[in-house]
Colleague: 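I'd like to ask some things about the structure below.
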Amino acid sequence: DPAALHILEAGAHHWLRAKASLDSSFWEDENLPGHWLALKEQIGQASDRAMGELVLLAVKCIGEPNNDRKQDIEGMVNDFVELDWIEALDSLKRLTSTDWTAYAHRSPYASGIYEPGRQIATRLKDLADEVEEMRDQTIQEQVEVTVASAESIDVLLSELRAVKEAETELEQEH
């Protein structure tokens, strides 16, 4: 059913975003603190569970399409073979102008699963947004720490140079 397909596609998109964020270099760092590792595990499990629930909801909406495109194409080809040009061209026109959803299954359960499925997909989106933000923020903090480290090294180098200069002056006085 197109409604179930829409929900599954949205959920899968955000599930993949969360998974991709968890596969980033930040989360794969062997020195990652334990609380981050625990969060990573929980995020992975929660997103997998949510996607599994979406799939279970959508299973009710799987079925044979209302119209069979293959039969329509075979009928058009037969019309061409039998030289029934008017019918063949009408069939071709119908096939090319028909929306793909005309060949989709229409499930009586689609309206019942849409709202719960939308809520799950929305929560997956929120989770993916948060994981990406957390990853980006932590990477930014690491960059800031690196810059702070460079600045502290510069201070130490200045102090070393000052001490060296002071020693040189002392030696020259003696």
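One-based numbering along the sequence shown. In what follows, every heavy atom counts, from backbone to side chain, and hydrogens, waters and symmetry copies are set aside.
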Colleague: Quick check: closest heavy atoms across Ala58 and Leu8, and the distance to 0.1 Å?
Modeller: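 Here Ala58 and Leu8 meet closest at CB-CD1, 3.4 Å.
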
Colleague: Kindly give the heavy-atom pair with the smallest separation between Ile7 and Ala121, and that separation in Å.
Modeller: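 Scanning both residues, the minimum pair turns out to be O-CB, 4.3 Å.
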
Colleague: Who pairs with Leu127 by side-chain contact (heavy atoms from CB on, under 4.5 Å), at least two apart in sequence or on another chain?
Modeller: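 Residues passing side-chain contact (heavy atoms from CB on, under 4.5 Å) with Leu127: Ile43, Ser47, Val131.
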
Colleague: Mind listing the closest non-hydrogen atom pair of Trp36 and Trp27 along with its distance?
Modeller: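 Reported closest heavy-atom pair: O-CZ3, 3.2 Å.
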
Colleague: Identify all side-chain donor-acceptor contacts of residues 157-168 below 3.5 Å with residues at least two apart in sequence or on another chain.
Modeller:
| from | atom 1 | to | atom 2 | distance (Å) |
| --- | --- | --- | --- | --- |
| Ser158 | OG | Asp154 | O | 3.1 |
| Thr168 | OG1 | Lys164 | O | 2.9 |

Colleague: Using the salt bridge (Lys or Arg N to Asp or Glu O under 4.0 Å) criterion, which residues pair with Glu132? Sequence neighbours excluded.
Modeller: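 Partners of Glu132 by the salt bridge (Lys or Arg N to Asp or Glu O under 4.0 Å) criterion, ordered by chain and then number, come out as Arg17.
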
Colleague: With sequence neighbours excluded, give me every salt bridge (Lys or Arg N to Asp or Glu O under 4.0 Å) pair touching residues 33-42.
Modeller: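 Applying salt bridge (Lys or Arg N to Asp or Glu O under 4.0 Å) to every pair that reaches into residues 33-42, excluding sequence neighbours, yields Glu28-Lys40.
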
Colleague: Other residues, nucleotides and ligands only: do more than 12 of their heavy atoms fall within 6.0 Å of CD on Gln119?
Modeller: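 More than 12 within 6.0 Å, yes.
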
Colleague: Quick one: list whatever passes salt bridge (Lys or Arg N to Asp or Glu O under 4.0 Å) with Asp48, sequence neighbours left out.
Modeller: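 Lys19.
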
Colleague: Would you please classify the geometry between the Tyr114 ring and the His6 ring as parallel, tilted or perpendicular, with 30° and 60° separating the classes?
Modeller: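 Parallel: the ring planes of His6 and Tyr114 meet at under 30°.
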
Colleague: Find the distance between CG (Leu124) and CD (Glu53) and round it off to the nearest 0.5 Å.
Modeller: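 Separation between the atoms: 9.0 Å.
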
Colleague: For residues 110-121, which residue pairs qualify under salt bridge (Lys or Arg N to Asp or Glu O under 4.0 Å), counting only residues two or more places apart or in two chains?
Modeller: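 Salt bridge (Lys or Arg N to Asp or Glu O under 4.0 Å) check on residues 110-121 returns Glu115-Arg118.
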
